[in-house]
Amino acid sequence: MLRVRCLRGGSRGAEAAHYIGSRLGRVFTGWVQRSFQSTQAATASQNSCAADDNKATSPVPKDCPVCSYNEWDPLEEVIVGRAENACVPPFSVEVKANTYEKYWGFYQKFGGQSFPKEHLKKAIAEIEEMCNILKREGVIVKRPDPIDWSVKYKTPDFESTGMYAAMPRDILLVVGNEIIEAPMAWRARFFEYRAYRQLIKEYFNSGAKWTTAPKPTMADKLYDQDYPISSVEDRHKLAAQGKFVTTEFEPCFDAADFIRAGRDIFVQRSQVTNYMGIEWMKRHLAPDYRVHVISFKDPNPMHIDATFNIIGPGLVLSNPDRPCHQIELFKKAGWTVIHPPVPLIPDDHPLWMSSKWLSMNVLMLDEKRVMVDANETSIQKMFENLGISTIKVSIRHANSLGGGFHCWTCDIRRRGTLQSYFD
């Protein structure tokens, strides 16, 4: 069995452990250090899980509408997000840490207001066409409720306006027949779950499990209010030291920092996912699933699926600009690592919350079909050389809101069984 020894020795993980420990005390230091280390001890203590690794099991009731174990089994039902009423988030410290300095003026000017109306109109049309194509491919498509995100709200700890319900992958994680609502880390996304509640209640009433992770207060202590960032160089230095804008004050995570491969789920510590959030997921999903921390040379880690996207059993897309520190573990396990080509998106196209690498943020309809941007001819050719048919859809304007096909969707049901791919 593959032993995933994540972030040990002289890695940035050890530095992060020292950093966090120095701030929160010796007792917590020991816990943080353990979160970096191999999941060997945890999995060894779960003999029943190890004994079942070689079995293809499916504990999900046959009539349950929710069932998904990985990113590539045949897709049968999906939630697709909405761009309607999307608002620019206020320019708070956590937003600054997750966006590029070229757009900071945009946030300062338009925070709390609608994204440019004409741009939104085009994004909405693109996503409608994407939904139509998914339906023609035989996939059931569900949508969140439209909500007015410009309404200002206030909690005992902060006040903000909302953002959108565009990216269900950020807030929902399906593991087997369970829907997990992520707590999130941006104040502008505190109430984003409301757009999905009607859908989740329907799935729950039809037999799905429904778990809401501990909701953070998002008080000032969750964020490093003096996070020293003014350039990409600053980001590289801080990331190398394991320093992030979110602290360990309370658990927080976005679902999009996790990516599934059967019994093994991989996660990164990022600007929106802290070690307490990862530890909560580890304990919640044990003993049936093993959660492994991996890391990347990434100056701005936020969501794993434009950096490391598992697209099939033994097949992973790995961003060449953000190499994975633990990639040899996958190679030793017999996996094929593919480096996607440089994205073709023009420099003058606005990407307010993401990089050009949304080109690799693809949605697998099954092992032999992938939804990919119609403009990204280089990656289309890459997939075709792999024997994977491309379903081409243009979502350039939707990209501007911070996501590609994987982000804009949350797969609710894939036809498959729970298996281990790392024996």
Side-chain angles (χ1 to χ4, degrees), residues 12-13 15-25 28-29 31-32 35 87-101 103-104 106-108 111-112 152-164 167 170-171 182-193 213-232 234-257 267-281 293 295 298-304 352-354 402:
R12 81 181 196 192
E15 296 174 61
H18 176 76
Y19 167 73
I20 297 169
S22 66
R23 297 186 61 162
L24 299 179
F28 191 66
T29 302
W31 173 81
V32 172
S35 75
C87 285
V88 180
F91 192 57
S92 53
V93 63
E94 74 276 16
V95 173
K96 181 179 181 181
N98 283 278
T99 53
Y100 291 101
E101 56 268 29
Y103 294 117
W104 287 349
F106 173 84
Y107 284 97
Q108 289 170 322
K152 183 174 288 189
Y153 51 82
K154 184 176 182 179
T155 79
D157 298 289
F158 70 91
E159 62 180 57
S160 182
T161 47
M163 195 164 85
Y164 55 33
M167 312 294 166
D170 295 357
I171 191 169
M184 313 299 284
W186 282 20
R187 288 170 167 175
R189 308 189 76 175
F190 189 85
F191 287 110
E192 193 165 316
Y193 67 89
K215 195 69 175 172
T217 62
M218 296 190 185
D220 287 349
K221 289 183 179 180
L222 180 58
Y223 312 100
D224 181 352
Q225 299 294 330
D226 300 312
Y227 191 67
I229 174 175
S230 60
S231 68
V232 172
D234 291 337
R235 294 173 189 269
H236 274 292
K237 291 176 184 177
L238 292 166
Q241 297 169 26
K243 295 181 179 179
F244 306 91
V245 70
T246 46
T247 68
E248 299 296 331
F249 174 68
E250 57 190 349
C252 67
F253 64 84
D254 282 11
D257 271 324
V267 61
Q268 67 171 350
R269 203 314 184 182
S270 75
Q271 300 288 15
V272 294
T273 296
N274 64 12
Y275 292 115
M276 287 189 75
I278 293 170
E279 181 65 18
W280 184 88
M281 283 287 282
V293 181
S295 62
D298 185 354
N300 191 44
M302 179 182 175
H303 302 166
I304 199 170
W352 295 302
M353 284 184 282
S354 58

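We use all heavy atoms of the structure for the numbers below, so side chains are in, but hydrogens, waters and symmetry mates are not. All values derive from a computational prediction rather than experimental measurement.
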Aromatic plane relationship, Trp104 with Phe91 - under 30° parallel, 30 to 60° tilted, over 60° perpendicular: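 Taking Trp104 first and then Phe91, their aromatic rings sit tilted (interplane angle of 30° to 60°).
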
Any [X] side-chain heavy atom under 4.5 Å of [Y] side chain:
X      : Y      : value
Asp254 : His303 : yes
Tyr223 : Met218 : yes
Asp220 : Asp157 : no
Val88  : Phe106 : yes
Leu238 : Pro228 : yes

If we ignore hydrogens and angles and just use 3.5 Å, is the side chain of [X] paired with the main-chain N or O of [Y] as donor and acceptor?
X      : Y      : answer
Asn274 : Glu250 : yes
Tyr107 : Trp352 : yes
Gln271 : Val245 : yes
Asp224 : Asp226 : yes

Measuring from [X]:[atom1] to [Y]:[atom2], what's the distance to the nearest 0.5 Å?
X      : Y      : atom1 : atom2 : value
Glu101 : Ile229 : CD    : CD1   : 7.0 Å
Glu279 : Met281 : CD    : CE    : 12.0 Å
Arg189 : Ile171 : CZ    : CD1   : 7.0 Å
Thr247 : Met276 : OG1   : CE    : 9.5 Å
Ser160 : Phe191 : OG    : CZ    : 10.0 Å

Provide the closest heavy-atom pair for [X] versus [Y] in the form atom of the first, atom of the second, distance.
X      : Y      : value
Thr273 : Asp257 : OG1-OD2, 2.6 Å
Pro183 : Cys252 : CG-CA, 3.9 Å
Pro89  : Trp186 : CG-CZ3, 3.9 Å

Trace of the side-chain contact (heavy atoms from CB on, under 4.5 Å) decision for Thr217 with Thr155: CA-CA 8 Å; Thr217 62; Thr155 79; over 6 Å; no

Under 3.5 Å side-chain donor-acceptor pair for Thr161 and Arg187: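 Absent: no donor and acceptor within the cut-off.
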
Any donor-acceptor N or O pair under 3.5 Å, side chains Gln268, Ser270: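 Not at all, the side chains of Gln268 and Ser270 share no donor-acceptor pair under 3.5 Å.
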
Lys215 to Tyr193, cation-pi by 6.0 Å centre distance and 45° axis angle: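 Checked: cation-pi criterion not met.
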
Chi angles and distances behind the salt bridge (Lys or Arg N to Asp or Glu O under 4.0 Å) call for Arg269, Glu248: CA-CA 11 Å; Arg269 203 314 184 182; Glu248 299 296 331; 3.1 Å; yes

Asn98/Met353 under side-chain contact (heavy atoms from CB on, under 4.5 Å): CA gap, chis, key distance, verdict: CA-CA 7 Å; Asn98 283 278; Met353 284 184 282; over 6 Å; no

Worked verdict on Tyr153 versus Phe158 for side-chain contact (heavy atoms from CB on, under 4.5 Å): CA-CA 9 Å; Tyr153 51 82; Phe158 70 91; 3.8 Å; yes

Aromatic ring proximity Tyr227/Phe244, centre distance under 6.0 Å: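 No: the rings miss the under 6.0 Å criterion.
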
